[in-house]
> 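Provided herewith is a single structure, encoded as structure tokens, for subsequent inquiry.
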4 protein chains.
Amino acid sequence: MMDGFQRRREQKKQDILEAALALFMEYGVQKVSISEIAQKANVSQVTIYNYFESKQKLTSGVFGYYIKKTSDDFEKLIHSNIPFPEKIKQIIFNKKEISKQIHEEFYHFMMKEYATEGNIIEKIYVEKALPYFAKLFEEGKEQGYVNPNLSQEAILFYVQMLKDYMQREEVYQKVLPLTEDITNIFFYGIIGKKE
Amino acid sequence: MMDGFQRRREQKKQDILEAALALFMEYGVQKVSISEIAQKANVSQVTIYNYFESKQKLTSGVFGYYIKKTSDDFEKLIHSNIPFPEKIKQIIFNKKEISKQIHEEFYHFMMKEYATEGNIIEKIYVEKALPYFAKLFEEGKEQGYVNPNLSQEAILFYVQMLKDYMQREEVYQKVLPLTEDITNIFFYGIIGKKE
Amino acid sequence: MMDGFQRRREQKKQDILEAALALFMEYGVQKVSISEIAQKANVSQVTIYNYFESKQKLTSGVFGYYIKKTSDDFEKLIHSNIPFPEKIKQIIFNKKEISKQIHEEFYHFMMKEYATEGNIIEKIYVEKALPYFAKLFEEGKEQGYVNPNLSQEAILFYVQMLKDYMQREEVYQKVLPLTEDITNIFFYGIIGKKE
Amino acid sequence: MMDGFQRRREQKKQDILEAALALFMEYGVQKVSISEIAQKANVSQVTIYNYFESKQKLTSGVFGYYIKKTSDDFEKLIHSNIPFPEKIKQIIFNKKEISKQIHEEFYHFMMKEYATEGNIIEKIYVEKALPYFAKLFEEGKEQGYVNPNLSQEAILFYVQMLKDYMQREEVYQKVLPLTEDITNIFFYGIIGKKE
DNA sequence: AATGAATGAGGGTTCATTCAT
DNA sequence: GATGAATGAACCCTCATTCAT
């Protein structure tokens with residue numbers, strides 16, 4: 001159990017993470033200075049250095065925090081009772097509520113981290129997201145929505161890519177009217193279903 | 001016609017653009033200093049300021065240069081005689097030789113510019129790329145490769161997205177073995193072809 | 001009360017102001033770089049930026065500092081017991097000890113600030129200097145040294161002008177031998193006293 | 001006599017001087033770059049360096065040009081037939097037509113040059129202005145306007161100072177309503193005339 | 001003689017990070 | 001443990017001046 005000290009410590013750490021996350025998402029990682037984060041979190045710059053060792057490590061921390069926060073939502077969705085195609089739609093088109101307008105750079109900074117081996121984010125991803133995806137596509141295959149000859153990696157890549165893309169504000173706005181078509185292509189390809 | 005002066009001027013300008021492009025693509029726009037570009041282009045910093053007025057304008061210039069350079073390749077491909085599916089594959093999977101390893105930030109900086117109205121890049125894109133795409137997909141529809149009910153925008157979005165994604169080194173490496181599956185999904189969707 | 005922190009802070013701030021003042025007075029504002037000020041004040045450039053936000057604001061600060069420093073001397077003189085003509089002479093001819101060699105540009109930069117409405121310097125001037133001058137010339141009129149028909153503004157203008165002029169090193173040197181005549185002109189005009 | 005070459009050369013030199021003078025007077029010496037002068041004079045930067053060796057020397061040249069231009073006006077005034085007090089008034093209060101709004105810094109840069117021994121300006125001043133002033137004050141003494149006990153230097157200094165001061169735009173505006181009083185003090189001092 | 005091109009040196013400013021209390 | 005103070009390094013940009021044609 002945590003005592004009062006540790007609890008307060010944890011709280012302060014989270015304040016910093018929240019402040020940094022908000023700023024990163026709005027302005028991008030490089031444009032946000034430690035000083036600004038400190039100000040927004042109501043701590044001194046040095047306190048940030050006490051909790052995280054460098055901006056680099058803080059940034060990693062923020063990524064982890066963000067992933068953990070969102071992967072919970074993801075888990076819920078997967079386990080819910082709505083039909084398979086609806087799940088897919090939501091994965092692709094639902095922007096996370098916390099990131100109404102996520103900053104490009106932050107997102108891709110994250111994606112890069114995400115690709116690097118051996119970091120927290122990768123770990124969380126592999127431990128949590130992957131199994132859920134596997135489960136989801138098993139479900140899809142059983143219900144005839146997914147071609148069983150396709151490798152799971154390929155499908156996963158495709159979903160990730162779409163999801164990613166939808167995170168971008170300018171894309172999201174442009175593509176919203178095309179939702180039906182986009183979904184159709186995802187399920188039936190550009191050749192379309194034979195009916 | 002250009003005299004010796006102008007020719008040399010044009011050459012130097014291109015040297016700078018090339019140097020900047022290479023560095024931007026490798027490290028991103030913000031991480032590359034004018035001084036580094038100058039060094040790589042074998043000119044002094046000030047020379048850069050003589051040709052381009054600021055880093056902002058240089059960056060714009062680099063974007064334009066890049067787009068022009070690549071749109072030529074694109075044009076050639078569209079007009080070539082290879083079969084439709086092969087063209088699509090090449091558009092999606094062939095990384096431009098000049099961008100062996102395109103840097104995220106540069107690419108999205110570019111895409112942002114790209115979205116802004118009234119700039120050179122937008123102009124080139126609308127004037128050159130769009131009509132070619134239209135032509136390409138007409139060809140596809142005629143040959144039965146493309147569902148005629150799908151809006152051109154939706155298809156375009158998919159191609160762009162895939163193309164974009166393949167520009168990323170880390171993605172490229174991972175996805176290469178999945179090329180067949182990805183292409184299949186693009187053409188036939190995750191449900192797969194009915195045969 | 002100030003604690004040790006604040007006291008040291010105040011001290012350092014004053015060090016910077018002193019260094020800047022000295023350099024501004026010798027070489028003018030534009031010719032003096034932040035780096036030189038930092039060196040003279042034995043701090044790093046950035047420390048200056050921590051105390052004052054920009055060169056512009058530092059310069060303003062230096063003006064305020066200078067004005068405050070000199071207005072105290074002025075107050076003392078006005079309240080002292082020496083005869084009226086002697087006070088006038090001292091106001092005009094006594095160079096402030098801190099400005100052995102005041103640089104033109106600094107001085108006129110200051111005078112410009114001085115003219116701008118709503119700044120500290122104007123405020124100090126209006127609140128402190130003007131009333132004292134008024135009092136001084138009342139005294140002068142009572143003692144028959146000042147023509148009661150003259151507007152206070154006109155007299156003030158003359159004193160200011162003479163005072164200003166004497167601040168210039170090259171003028172000061174040339175005019176010193178003429179002190180008596182200058183004073184005479186001030187009191188009796190170029191027509192001279194009727195005796 | 002000048003041939004065509006030399007005439008054109010002279011013309012170009014004057015173009016440069018005029019351009020520089022105008023810019024110096026509006027923005028001050030330090031804020032105006034050689035490049036700006038070149039642009040305004042429609043020549044290349046290097047041409048300026050061909051005529052004048054450095055910015056320093058150009059500046060000197062501009063001062064000389066300015067002085068010569070204005071000293072002619074002065075000469076005319078001294079020799080005109082208007083009464084003595086009116087001449088004084090004009091000297092003090094008439095701003096030179098060419099400098100409706102002379103920039104502080106340029107003016108004082110000039111005054112500093114002016115004070116330095118052995119330069120063109122000093123030379124022109126000593127050769128032309130001084131004798132005229134002497135003549136003027138002889139006239140004043142003869143007509144009873146000037147106290148014969150006052151040294152010429154002192155009077156000269158006083159006039160110069162007033163003239164100088166009036167050149168400043170912000171002073172000029174403020175003091176204009178006080179013209180009568182200022183003139184009175186100049187002639188009769190702050191004690192005023194005995195009537 | 002005149003110019004377009006090029007540059008070294010320096011200026012103000014910002015930032016991640018460390019020091020000292 | 002937390003903070004205010006301090007800093008070295010770097011960045012973008014400007015300018016007087018020189019080079020090469």
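Basis for what follows: all heavy atoms, side chains included, without hydrogens, waters or symmetry-related copies. In the text below, chain A, chain B and the rest are named by the order of the sequence lines, each starting its count at 1.
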> Which nucleotide, F/dT7, E/dT3, E/dA6, lies nearest any side-chain atom of B/Tyr51?
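Shortest atom-to-atom distance from the side chain points to E/dA6.
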> What is the nucleic acid contact for C/Phe52, judged by heavy atoms within less than 4.0 Å: base, sugar-phosphate only, or nothing?
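Nothing, no heavy atom under 4.0 Å.
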> Regarding D/Lys12, tell me which of base, sugar-phosphate or nothing describes its non-hydrogen contacts under 4.0 Å with the strands shown.
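If one applies the 4.0 Å heavy-atom cut-off, D/Lys12 turns out to touch the sugar-phosphate alone, with no base involved.
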> Report yes if at least one side-chain N or O of C/Thr47 is closer than 4.0 Å to OP1 or OP2 of F/dT7; otherwise report no.
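Checking C/Thr47 against F/dT7: at least one side-chain N or O falls below 4.0 Å of OP1 or OP2.
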> Side chain of A/Ser44 only, please: which of F/dT7, E/dT3, F/dT3 is the nearest?
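Nearest to the side chain of A/Ser44 among the choices is F/dT3.
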> Tell me every residue that passes side chain to side chain contact (heavy atoms under 4.5 Å, CB included) with C/Gln39, counting only those two or more places apart in sequence or in another chain.
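With sequence neighbours excluded, C/Gln39 shows a side chain to side chain contact (heavy atoms under 4.5 Å, CB included) to no residue whatsoever.
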> Which angle, rounded to 10°, do you find between the first-five-pair axis and the last-five-pair axis of the helix from E/dA2-F/dT21 to E/dT21-F/dA2?
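One end axis against the other gives 30°.
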> Please list, one pair per line, the donor and acceptor atoms closer than 3.5 Å that link side chains of residues 41-48 of chain A to other protein atoms, with sequence neighbours excluded.
from: A/Ser44; atom 1: OG; to: A/Val46; atom 2: N; distance (Å): 3.1
from: A/Ser44; atom 1: OG; to: A/Thr47; atom 2: N; distance (Å): 3.3
from: A/Ser44; atom 1: OG; to: A/Thr47; atom 2: OG1; distance (Å): 3.4

> Which residues pass the side chain to side chain donor-acceptor pair (under 3.5 Å) test with A/Glu36, sequence neighbours left out?
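A/Glu36 satisfies side chain to side chain donor-acceptor pair (under 3.5 Å) with A/Ser33 only.
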> List, with names and distances, any nitrogen or oxygen atoms from the protein found under 3.5 Å away from nitrogen or oxygen atoms belonging to nucleotides 13-17 of chain E.
from: E/dT13; atom 1: OP2; to: C/Tyr49; atom 2: OH; distance (Å): 2.7
from: E/dT13; atom 1: OP2; to: C/Lys55; atom 2: N; distance (Å): 2.9
from: E/dT13; atom 1: O5'; to: C/Tyr49; atom 2: OH; distance (Å): 3.4
from: E/dA16; atom 1: OP1; to: A/Lys55; atom 2: NZ; distance (Å): 2.8
from: E/dA16; atom 1: OP2; to: A/Ile34; atom 2: N; distance (Å): 2.9
from: E/dT17; atom 1: OP2; to: A/Tyr49; atom 2: OH; distance (Å): 2.9
from: E/dT17; atom 1: OP2; to: A/Lys55; atom 2: N; distance (Å): 2.8
from: E/dT17; atom 1: O5'; to: A/Tyr49; atom 2: OH; distance (Å): 3.4
from: E/dT17; atom 1: O4; to: A/Gln45; atom 2: OE1; distance (Å): 3.2

> Is the closest side-chain heavy-atom distance between D/Thr59 and D/Phe52 below 4.5 Å?
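The answer is no, as the side chains (C-beta and beyond) never meet within the 4.5 Å cut-off.
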> Under the side chain to side chain donor-acceptor pair (under 3.5 Å) rule, collect the residues that match up with D/Asn50, sequence neighbours excluded.
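Result, side chain to side chain donor-acceptor pair (under 3.5 Å) vs D/Asn50: none returned.
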